[in-house]
Colleague: 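Take a look at this one; I'll ask things after.
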2 protein chains.
Amino acid sequence: MPIRVAIIEDDHDIRQLMQLIIDGSPGFACKQAFEDCKTGVPVLVEAAPDVVLMDIDLPEMSGITGVAWLKEKLPEVPVVMLTVHEDNEAVFDSLCAGAVGYLVKGLPPVQLLQAIEEAHHGGSPMSPAIARKVVRSFQPQVANPLSGRENEVLTLLCQGENYRTIATALFVSSNTVKAHIKNIYEKLQVHNRAQAVGKALKHRFVK
Amino acid sequence: MPIRVAIIEDDHDIRQLMQLIIDGSPGFACKQAFEDCKTGVPVLVEAAPDVVLMDIDLPEMSGITGVAWLKEKLPEVPVVMLTVHEDNEAVFDSLCAGAVGYLVKGLPPVQLLQAIEEAHHGGSPMSPAIARKVVRSFQPQVANPLSGRENEVLTLLCQGENYRTIATALFVSSNTVKAHIKNIYEKLQVHNRAQAVGKALKHRFVK
DNA sequence: CCCAAAACCACCCAAACGGGTAATTGCAAC
DNA sequence: GTTGCAATTACCCGTTTGGGTGGTTTTGGG
């Protein structure tokens, strides 16, 4: 039984070319190709294909909204995004919306098929530069300017502890904790806990 | 000029096998293989190889600590982790520590070499299951229990705004904001802003 | 049509917070 | 050997917050 692939891509030529490549390859089938989400998603919800290829730059409803819509209805179907510009913030928005992969357009046919197969078998095909981008997002983006003690305080701050609790946890006085927090706010350029926690988590100063 | 690969792997047989595979392949060279980080890292800091393969389960100093140490000295050198069990929390710790890739051991030689090449050319080779794990980490882990308005409030809360500012931003009274926040705390089972922001960001209720 | 949830608003009060100022100690770098 | 940062503690004061209790109106689904 072949892998049933569906395509949502607004460019007529690219859409037909991909469909031909996929449908003409043994082990693959592509009977459904749409030019936008509005027409494609409702059909796919009924058809439940094995893999969906979705252009990210779609007119009307973007691929990001599309993947979110599709995920809502078919949470188990892997959606792979297609893009022309691989250096985009849309990568993360797509992944957050539920895409499992992210490929640049114009991939050689063999690699396209490999990617589809990988997506279908529990993998996450990504173009090298995109994979690196994703991985790098786990690493601290900026240098942590805080001292050792300040980081300890920040960790407890992120857990929602108050002056008194942090103080007893670190065996110091509440006033000391307060002083540390004041210094943390200055170094992170924030003015309250919520902002400090936000910055700490976004920059991965604490895990 | 071949890609100069270094290995840190405690199992003697695996180490030698990989070294033979790599060093015996055209376009690749592996002149350095170590059994632990303590001996390996200082040498590598001087040698500055093109790619490092690092076992994650090392005696004494774990590969996670090792990659952090290496990154500190050679931030530009890509480190690829090697593992036996691919379903581990150590994946994320490694990536946070600076690894660019994550492979299961016992990969066919051709794929190992492909992965090394990919790492060297700005990619992030990952075994399919691991890549999927990484991608899935971008998606909300649990269902968001909040209402539309509550999410709006939460977003502003995460930016460190206070009752009054949120109130004017949403064209409602401070008391209403307070009521929303109270409900948010209940639904998220937290008791203050720091915890709410922490939970919201970790579960990706806000971006 | 009704009911539950969402969204809205108000008041009280104690506790927690943020900002300011000021001081001592120790250690490391220059 | 002094200069600077980290870590520690203290006090004052006005603002903000969280918890409690009460209520109205709007809205969407059964």
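Predicted, not measured: the structure shown is a model, and the values here were computed from it. Numbered from 1 within each chain, the chains take letters A, B, ... in sequence-line order.
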Colleague: Taking only N and O in the side chain of A:T176, is any of them less than 4.0 Å away from OP1 or OP2 of D:dA7?
Modeller: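 For D:dA7, neither OP1 nor OP2 has a side-chain N or O of A:T176 closer than 4.0 Å.
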Colleague: Pick the nucleotide of DNA chain C nearest each of B:E150 and B:N192; which residue has the one closer to the 5' end?
Modeller: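 This one resolves to B:E150.
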Colleague: Rounding to a whole Å, what distance do you find between B:K178:NZ and D:dG23:C1'?
Modeller: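 Value for this atom pair: 16 Å.
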Colleague: If I take atom CD1 in residue B:I181 and atom P in nucleotide C:dC8, what distance separates them, rounded to the nearest angstrom?
Modeller: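 For the pair B:I181 CD1 and C:dC8 P, the rounded distance is 13 Å.
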Colleague: Separation of A:H191 atom NE2 from D:dT15 atom C1', in whole Å?
Modeller: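 After rounding, the reported distance stands at 15 Å.
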Colleague: Relative to B:Y163, does B:R193 satisfy both conditions: NZ or CZ under 6.0 angstrom from the six-membered ring centre, and within 45 degrees of the ring's axis?
Modeller: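 Yes, B:R193 sits over the ring of B:Y163.
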Colleague: As a test of reading the structure: which of D:dT17, D:dT9, D:dT8 is closest to the side chain of B:Y163, going by heavy atoms?
Modeller: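 Selected nucleotide: D:dT17.
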Colleague: Side-chain N or O of A:Y185 versus OP1/OP2 of C:dG19: is the shortest distance under 4.0 Å?
Modeller: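 For C:dG19, OP1/OP2 do not have a side-chain N/O of A:Y185 under 4.0 Å.
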Colleague: Grab the CD1-C1' distance between B:I184 and C:dA7 for me, whole Å please.
Modeller: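 Between C1' of C:dA7 and CD1 of B:I184: 12 Å.
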Colleague: Using whole Å, report how far CZ of A:R149 lies from C1' of C:dC27.
Modeller: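 Atom-to-atom, A:R149 to C:dC27, this comes out as 16 Å.
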Colleague: Assign A:N162 to base, sugar-phosphate, or nothing according to its heavy-atom contacts below 4.0 angstrom with the strands shown.
Modeller: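 Since only primed, P, OP1 and OP2 atoms lie under 4.0 Å of A:N162, the category is sugar-phosphate.
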Colleague: For A:S173 and D:dT9, is the shortest distance between a side-chain N/O and OP1 or OP2 below 4.0 Å?
Modeller: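 For A:S173, the contact criterion (side-chain N or O under 4.0 Å from OP1 or OP2 of D:dT9) is met.
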Colleague: Considering the options A:L44, A:D55, A:L58, which one meets the side-chain contact (heavy atoms from CB on, under 4.5 Å) requirement together with A:C37?
Modeller: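 Testing A:C37 for a side-chain contact (heavy atoms from CB on, under 4.5 Å) against A:L44, A:D55, A:L58 leaves exactly one candidate, A:L58.
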Colleague: A:E161 and side-chain contact (heavy atoms from CB on, under 4.5 Å): which single residue from A:V153, A:L156, A:T168 fits?
Modeller: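 Testing A:E161 for a side-chain contact (heavy atoms from CB on, under 4.5 Å) against A:V153, A:L156, A:T168 leaves exactly one candidate, A:L156.
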Colleague: With DNA chain C as reference, determine whether B:F171 or B:L146 sits nearer its 5' end, using the nearest nucleotide of each.
Modeller: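 Checking each residue's closest nucleotide, the 5'-ward one belongs to B:L146.
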Colleague: Within less than 4.0 Å of OP1 or OP2 of C:dA7, is there a side-chain N or O belonging to B:H180?
Modeller: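 Checking C:dA7 against B:H180, no side-chain N or O comes under 4.0 Å of OP1 or OP2.
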Colleague: From D:dT9, C:dC9, D:dT16, pick the nucleotide closest to the side chain of B:R164?
Modeller: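 Given the options D:dT9, C:dC9, D:dT16, the side chain of B:R164 is closest to D:dT16.
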Colleague: Starting from P on C:dC17, measure out to CD on A:Q195 and report it in whole angstrom.
Modeller: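 Whole-Å distance recorded here is 16 Å.
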Colleague: When the distance from CD of B:E186 to P of C:dA6 is rounded to whole Å, what number comes out?
Modeller: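 Roughly 12 Å, once rounded to whole Å.
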Colleague: Find the distance B:L170:CG to C:dC9:C1' and express it as a whole number of Å.
Modeller: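 Whole-Å distance recorded here is 15 Å.
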Colleague: Please determine if a side-chain N or O atom of A:R193 lies less than 4.0 Å away from the OP1 or OP2 oxygen of C:dG18.
Modeller: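 Result: yes.
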Colleague: Has the side chain of A:R149 got a donor or acceptor atom that lies under 3.5 Å from a matching backbone atom of A:L170?
Modeller: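 It does hold such a pair.
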Colleague: Side chains of B:L53 and B:I22: closer than 4.5 Å at any heavy-atom pair?
Modeller: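 Yes - at least one pair of side-chain heavy atoms lies under 4.5 Å apart.
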Colleague: Choose from D:dA7, D:dT9, D:dA6 the nucleotide whose nearest atom is closest to any side-chain atom of A:K187.
Modeller: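 Selected nucleotide (nearest to the side chain): D:dA6.
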Colleague: Check every strand shown and say whether B:N183 touches a base, only sugar-phosphate, or nothing at a heavy-atom separation below 4.0 Å.
Modeller: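 Result for B:N183 = nothing.
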Colleague: Under 3.5 Å, is there any donor-acceptor pair linking the side chain of B:K182 to the base of D:dT21?
Modeller: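 Between D:dT21 and B:K182, which were checked side chain against base, a qualifying N/O pair under 3.5 Å is present.
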Colleague: Under the 3.5 angstrom rule, does the side chain of A:Q139 hit a backbone N or O of B:C96 as a donor-acceptor pair?
Modeller: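 A pair under 3.5 Å: no.
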